[in-house]
Amino acid sequence: MRIGLAELLPGRIVKSVDFDWPKSFPNSSSNVQQFLIGAAISKVRRRAKVLIIDLSTDYSLIIHLKMTGQLVFIGNAQRFGAGHPSDSLIAELPDKSSRVTLRFADGSQLFFNDQRKFGWMRLLPTLEIMNLDFFKKVGPEPLNADFTWQMFRERLVRRPNSVIKAVLLDQAVLAGIGNIYADESLWGAKIHPATPVKKLTPQQFKLLHKELIFVLKLAIEKGGSSDRNYVNAKGKKGSFMSFARVFRREGLACPRCGSIIIKSRVAGRGTHTCPHCQPLEQ
DNA sequence: CACTTGACCTGTCCGC
DNA sequence: TGCGGACAGGTCAAGT
């Protein structure tokens, strides 16, 4: 999503903002008037699962999509409707899940849609963003070049008694891992998600580190995971779900050994495993 | 500290 | 076809 928006947004001038659900964008209207209206977009960044849109006013919009958020850009001459591509989930905008609409001076628009209303958008001084509790505690980016398997292991073993899946999902340990990529990388490393961290060997940490990076890179290459309604800035679904090996594939064959994939609950989340490749050792 | 549950919301699917 | 319950890419807070 960041890659798509970074091609589309920089240089555009914010002309107006429409709000629907106040909790989706809790901000004083004076801040919006002063630092958002009339601002030019300079840069689109990401940290963990949070998108950061920097403005010429030294303020930034920060956005979390949570489960069902979308950020969809519509150019000034562009229309969805009859004949829209099959990899699009968007027919017409705004629709009933539109929470915030940014209108730009050239007539283009950015829609923040969020069916379940868990996502949010905030306007903050750019320099204050990293003082937010979330950014102060968030772990390293797994795709950074300096993220070694030794660093990965070092961070995980601080939670020796937790199950590995719970720790992978903890944003304070690692940035950006969610339920899909946790299940997929654990399958890749042949580790059961409920394995306590203290039972993992250095070889397993090394392999899981490699699988995590493989899964994340593949997911980005495929445009993300449209499990339900995720779309990118152009309204297109991501295709990673058709490359998933266990996630949402309960009852189907494991692509490695042919055993039937099962679904269970680990760390409070729906969890997909191959019972043969990922045995839970006691 | 680690784990569970509930909360925040809407929509879909499944069984009766 | 209707209705209740479970469940869904995520994070928080509170309770045990």
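Chain letters run A, B, ... following the sequence lines, proteins first and then strands; every chain starts at 1. Predicted, not measured: the structure shown is a model, and the values here were computed from it.
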**Q** Would you grab the first and last nucleotide of DNA chain B (5' to 3') that comes under 4.0 Å of any non-hydrogen atom in chain A?
**A** B:dA2 to B:dG11
**Q** With sequence neighbours left out, what residues match A:N27 under side-chain hydrogen bond (donor to acceptor under 3.5 Å, both in side chains)?
**A** none
**Q** Quantified in whole Å, what is the P atom distance between nucleotide C:dT11 and nucleotide B:dG11?
**A** 22 Å
**Q** Going by the rule side-chain hydrogen bond (donor to acceptor under 3.5 Å, both in side chains), which residues pair with A:D18 if we only count those two or more places apart in sequence or in a different chain?
**A** A:R103
**Q** With sequence neighbours excluded, tell me which residues meet ring-ring contact (aromatic ring centres under 6.0 Å, His included) with A:Y59.
**A** A:F35
**Q** Which residues pass the side-chain hydrogen bond (donor to acceptor under 3.5 Å, both in side chains) test with A:T126, not counting sequence neighbours?
**A** A:S60
**Q** In chain order, what residues pass the side-chain contact (heavy atoms from CB on, under 4.5 Å) check against A:S28, with sequence neighbours excluded?
**A** A:S30, A:N31
**Q** Where along nucleotides 7-12 of chain C does protein come under 4.0 Å, by heavy atom, of base (B) or sugar-phosphate alone (S), with - for untouched nucleotides?
**A** -BBBSS
**Q** Looking only at atom P, what distance separates C:dA6 and B:dT5, rounded to whole Å?
**A** 13 Å
**Q** Between B:dC9 and C:dC3, how many Å separate the two P atoms, rounded to a whole number?
**A** 25 Å
**Q** Looking only at the side chains, is there a donor atom on one of A:S108 and A:N76 sitting less than 3.5 Å from an acceptor on the other?
**A** no
**Q** Tell me whether C:dG9 sits syn or anti, counting syn as a glycosidic angle within 90° of 0.
**A** syn
**Q** Please enumerate all residues that pass ring-ring contact (aromatic ring centres under 6.0 Å, His included) together with A:F25, with sequence neighbours excluded.
**A** A:F19
**Q** I'd like to know if A:R269 and A:D183 make a salt bridge, using a cut-off of under 4.0 Å between side-chain N and carboxylate O.
**A** no
**Q** Using the ring-ring contact (aromatic ring centres under 6.0 Å, His included) criterion, which residues pair with A:W120? Sequence neighbours excluded.
**A** A:H64
**Q** Want to know the stems of DNA chain B: at least 3 consecutive Watson-Crick or G-U pairs with distances under 3.5 Å, which are they?
**A** B:2-8 with C:10-16, B:10-16 with C:2-8
**Q** By ring-ring contact (aromatic ring centres under 6.0 Å, His included), which residues pair with A:F112, not counting sequence neighbours?
**A** none
**Q** Give every residue pair that meets the salt bridge (charged side-chain N to carboxylate O under 4.0 Å, His left out) criterion with at least one member in residues 47-65 of chain A, sequence neighbours excluded.
**A** A:R45-A:D54, A:R47-A:E141
**Q** Would you measure the distance from the P atom in C:dC7 across to the matching atom in B:dT4 and give it in whole Å?
**A** 15 Å
